[in-house]
Amino acid sequence: MLEPNEFDLLLVIAQLSIAFAGFASLASALGDRNHRDETRVDAGRLINMLVVSLCTAMLALVPFIPTLFGFVENLVWRFSAATAFGTLVLFAPGVVMRTKRMKQYAGFNNPSNAVNFGLAAIAAFGFSSCAFGLPALKPSASYVAGLVALLLICAIVFFRVITSLLRPNAPE
């Protein structure tokens with residue numbers, strides 16, 4: 001069974017990721033952009049952030065499903081991690097392609113992109129480790145670490161979207 005602190009942590013991660021998506025979407029709707037290149041970067045960032053945020057929220061809820069079916073704890077985390085890794089494999093190509101297109105425009109930030117790529121690799125490693133039952137004593141740690149890495153990506157991209165919108169006609 002899920003420990004109460006894991007249960008609470010998963011719900012907080014889901015709520016935070018949805019908050020990032022919602023506030024960034026609202027800010028982008030209210031933002032005023034006149035520079036076409038920066039608008040393309042902001043749009044790409046927002047789409048990528050929505051993908052990562054919504055995936056993070058859903059993946060934070062996945063462990064509840066096998067738990068409700070009565071799976072033993074080890075299988076709960078392994079099943080959830082396999083689902084999470086599959087989700088990354090499914091959505092990563094679109095995020096990577098959008099990011100490649102954004103690189104050609106003003107306002108793209110290579111250091112942030114490198115950090116996000118590193119965090120995505122950490123998430124993939126955490127999910128794959130958990131899917132294979134590592135660490136054996138506490139597989140939930142690898143799963144939650146992967147989710148936190150995805151949540152950090154959400155936070156970084158949220159910050160980039162908001163700061164860009166607050167400086168309407170200046171490159172970042």
Side-chain angles (χ1 to χ4, degrees), residues 1-25 43-103 108-161:
M1 284 290 147
L2 292 177
E3 294 178 18
N5 61 349
E6 291 164 337
F7 175 83
D8 292 341
L9 184 55
L10 291 173
L11 291 176
V12 167
I13 290 170
Q15 292 168 347
L16 286 171
S17 64
I18 292 299
F20 283 135
F23 284 123
S25 297
R45 278 188 192 126
L46 183 60
I47 292 168
N48 284 350
M49 192 187 80
L50 289 173
V51 168
V52 176
S53 292
L54 296 175
C55 285
T56 302
M58 292 298 103
L59 294 174
L61 299 176
V62 167
F64 294 99
I65 297 166
T67 299
L68 289 171
F69 279 103
F71 286 34
V72 296
E73 184 177 0
N74 189 32
L75 289 180
V76 166
W77 296 112
R78 291 181 78 173
F79 168 82
S80 300
T83 302
F85 189 79
T87 301
L88 287 183
V89 169
L90 181 66
F91 287 101
V95 170
V96 169
M97 292 303 293
R98 246 182 318 280
T99 301
K100 283 178 121 178
R101 284 193 303 265
M102 292 183 327
K103 283 184 176 187
F108 184 80
N109 188 283
N110 280 315
S112 288
N113 186 56
V115 170
N116 288 342
F117 181 78
L119 288 167
I122 290 169
F125 179 75
F127 295 142
S128 62
S129 295
C130 184
F132 289 110
L134 302 172
L137 295 177
K138 198 72 169 165
S140 61
S142 294
Y143 189 81
V144 171
L147 285 178
V148 170
L150 292 179
L151 189 61
L152 286 172
I153 294 170
C154 297
I156 290 167
V157 180
F158 174 79
F159 179 79
R160 302 298 304 164
V161 167

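Keep in mind that the numbers below use all heavy atoms, side chains included, and drop hydrogens, waters and symmetry copies.
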Just how far is it from atom [atom1] of [X] to atom [atom2] of [Y], taken to the nearest 0.5 Å?
{"X": "R45", "Y": "I156", "atom1": "CZ", "atom2": "CD1", "result": "12.0 Å"}
{"X": "F108", "Y": "K100", "atom1": "CZ", "atom2": "NZ", "result": "11.5 Å"}
{"X": "F158", "Y": "L46", "atom1": "CZ", "atom2": "CG", "result": "10.5 Å"}
{"X": "I47", "Y": "R98", "atom1": "CD1", "atom2": "CZ", "result": "5.5 Å"}

Can you name the residues that form a side chain to side chain contact (heavy atoms under 4.5 Å, CB included) with L75, not counting sequence neighbours?
F71, V72
List in chain and number order the residues that pass side chain to side chain contact (heavy atoms under 4.5 Å, CB included) with L11, two or more places apart in sequence or in another chain; answer none if no residue qualifies.
F7, L61, F64
Checking side-chain contact (heavy atoms from CB on, under 4.5 Å) for the pair L59/Y143: CA distance, chi angles, key distance, verdict?
CA-CA 10 Å; L59 294 174; Y143 189 81; 3.8 Å; yes
I'd like to check N113 versus M102 (side-chain heavy atoms, cut-off strictly below 4.5 Å). Are they in contact?
no
At their closest point, which heavy atom of [X] faces which heavy atom of [Y], and how far apart are they?
{"X": "S25", "Y": "A21", "result": "OG-O, 2.8 Å"}
{"X": "M49", "Y": "A24", "result": "CE-CB, 2.9 Å"}
{"X": "N74", "Y": "P139", "result": "OD1-CG, 3.7 Å"}

When the side chains of residues 144-155 are checked against the rest of the protein, which donor-acceptor pairs come out under 3.5 Å, sequence neighbours left out?
none

May I have the list of side-chain donor-acceptor pairs in residues 84-92 shorter than 3.5 Å, sequence neighbours left out?
residue : atom : partner : partner atom : Å
T87     : OG1  : T83     : O            : 2.8

F79: ring-ring contact (aromatic ring centres under 6.0 Å, His included) partners, not counting sequence neighbours
none
The side-chain hydrogen bond (donor to acceptor under 3.5 Å, both in side chains) partners of T99 (sequence neighbours excluded) come to N48
Check: residues 118-133 side-chain donor-acceptor pairs under 3.5 Å, at least two apart:
residue : atom : partner : partner atom : Å
S128    : OG   : A124    : O            : 3.0
S128    : OG   : F125    : O            : 3.1
S129    : OG   : F125    : O            : 2.8

